[in-house]
Undergrad: 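Questions regarding the structure given below will be posed in turn.
Just so you know, residue 1 is the first one in the sequence shown, and it goes up from there.
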Amino acid sequence: MTRQQTIETFLEALSSRQPVPGGGGASAFAGALGTALGLMVGNLTVGKKKYAAVEADVSHMMERLEGLQREMVALIDEDARVFAPLAAAYGLPAGTQEERAHKDRVMEENLLHASLVPLKIMELAVEVLGILEELEEKGSVMAVSDVGVAVQFARTALTGAVMNVYINTKSMKDRQKAEEINQRAEAAVTEGIPLAERIYGRVTERLK
């Protein structure tokens, strides 16, 4: 379980020849880091007289980021949980018609599950970016650079997870379902990338 690992043990597992954790889990970890930096900005904002007018808003943002962080951390483990049986399914026998049919069913089921988890990471990342946009405006000016870094982590969660969506939907035989998932992924990218670039651009302009 991720919560029981140190950063070193997680990185060691990620570096190994084992199939999990992999890119999906790493993307969720990036998303969790983005929420953590957003929370840091919030903590540097609330309680300051200068930001009393926006304290309620920032506190609400922090509550949302805390929930999103829990979801991102859970998805690190969930990505590993759904990918492990998919990795095993590739090794199923396919010598007879019955074996091939069984393997196809198992593969299809696990490809679907392995696609939906990174899709969820993507959609959460877009939600994180939406909060960071407001936090860039209302958070402490002393921590605006951390908003920019948080944006880059959330962007990585989005653009990293989409790779795991596509590699799995590409192998699905149910092309209608695969295209539905791809369309949701594309919608998240279409919304999230310009949002990330807009916030990052504002942050860098303020820093200059």
Side-chain angles (χ1 to χ4, degrees), residues 7 11 14 22-76 79 115 117-167 169 181-208:
I7 292 176
L11 291 176
L14 191 61
S27 297
F29 186 47
L33 289 173
T35 64
L37 279 169
L39 285 165
M40 184 185 77
V41 175
N43 279 314
L44 290 170
T45 305
V46 295
K48 303 290 179 64
K49 291 182 180 180
K50 181 178 180 180
Y51 302 102
V54 296
E55 181 166 326
D57 291 341
V58 174
S59 295
H60 180 60
M61 287 181 241
M62 292 175 68
E63 290 177 6
R64 292 167 63 197
L65 285 171
E66 287 171 353
L68 288 164
Q69 184 177 110
R70 287 192 294 270
E71 290 192 77
M72 285 290 193
V73 171
L75 285 168
I76 299 173
D79 185 72
S115 301
V117 173
L119 179 63
K120 180 65 174 177
I121 294 168
M122 294 179 68
E123 292 174 342
L124 292 180
V126 174
E127 191 172 346
V128 172
L129 287 166
I131 298 169
L132 293 174
E133 181 176 38
E134 187 177 2
L135 196 57
E136 181 271 330
E137 177 187 351
K138 298 179 179 179
S140 171
V141 295
M142 300 299 293
V144 68
S145 61
D146 296 295
V147 175
V149 178
V151 166
Q152 293 301 85
F153 276 121
R155 188 184 192 281
T156 295
L158 173 64
T159 58
V162 74
M163 302 295 142
N164 290 75
V165 172
Y166 290 156
I167 197 170
T169 56
I181 295 170
N182 286 345
Q183 287 172 14
R184 285 174 61 186
E186 289 161 11
V189 169
T190 300
E191 180 180 0
I193 297 302
L195 177 57
E197 292 178 350
R198 184 165 67 244
I199 307 165
Y200 185 71
R202 288 203 297 263
V203 170
T204 53
E205 284 302 313
R206 290 176 66 181
L207 291 174
K208 292 177 181 178

Undergrad: According to salt bridge (charged side-chain N to carboxylate O under 4.0 Å, His left out), does anything in residues 143-159 pair up with another residue at least two apart or in another chain? List the pairs.
TA: R155-E197

Undergrad: List for me each residue that meets side chain to side chain contact (heavy atoms under 4.5 Å, CB included) alongside E133, sequence neighbours excluded, and say none if there are none.
TA: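 Partners of E133 under the side chain to side chain contact (heavy atoms under 4.5 Å, CB included) test: L195, R198, I199, R202.
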
Undergrad: Please indicate whether M142 has more than 12 foreign heavy atoms, meaning atoms of other residues, nucleotides or ligands, lying under 6.0 Å from its CE.
TA: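 Open.
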
Undergrad: Evaluate whether atom CG of L207 has more than 12 neighbouring non-hydrogen atoms of other residues, nucleotides or ligands under 6.0 angstrom away.
TA: yes

Undergrad: To the nearest 0.5 angstrom, please state how far the CE atom of M72 sits from the NZ atom of K120.
TA: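 Answer for the CE-NZ pair, M72 versus K120, is 9.5 Å.
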
Undergrad: For L14, is the CG atom crowded, meaning more than 12 foreign heavy atoms sit under 6.0 Å from it?
TA: yes

Undergrad: For residues 31-46, which residue pairs qualify under side chain to side chain donor-acceptor pair (under 3.5 Å), counting only residues two or more places apart or in two chains?
TA: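 Sorted result for residues 31-46: T35-Q69.
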
Undergrad: Test of understanding: with salt bridge (charged side-chain N to carboxylate O under 4.0 Å, His left out), list the residues that count as partners of K138, not counting sequence neighbours.
TA: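 In terms of salt bridge (charged side-chain N to carboxylate O under 4.0 Å, His left out), with neighbours along the sequence ignored, K138 is linked to D57, E134.
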
Undergrad: Report the residues that fulfil salt bridge (charged side-chain N to carboxylate O under 4.0 Å, His left out) with R206, sequence neighbours left out, ordered by chain and then residue number.
TA: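 R206 satisfies salt bridge (charged side-chain N to carboxylate O under 4.0 Å, His left out) with E136 only.
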
Undergrad: Using side chain to side chain contact (heavy atoms under 4.5 Å, CB included) as the criterion, list what pairs up with L33, not counting sequence neighbours.
TA: F29, F153

Undergrad: Output all residues satisfying side chain to side chain contact (heavy atoms under 4.5 Å, CB included) with Y200, sequence neighbours left out; order by chain, then residue number.
TA: V151, Q152, T204

Undergrad: Taking side chain to side chain contact (heavy atoms under 4.5 Å, CB included) as the definition, give me every residue that meets it alongside N164, ordered by chain and number, with sequence neighbours left out.
TA: P118

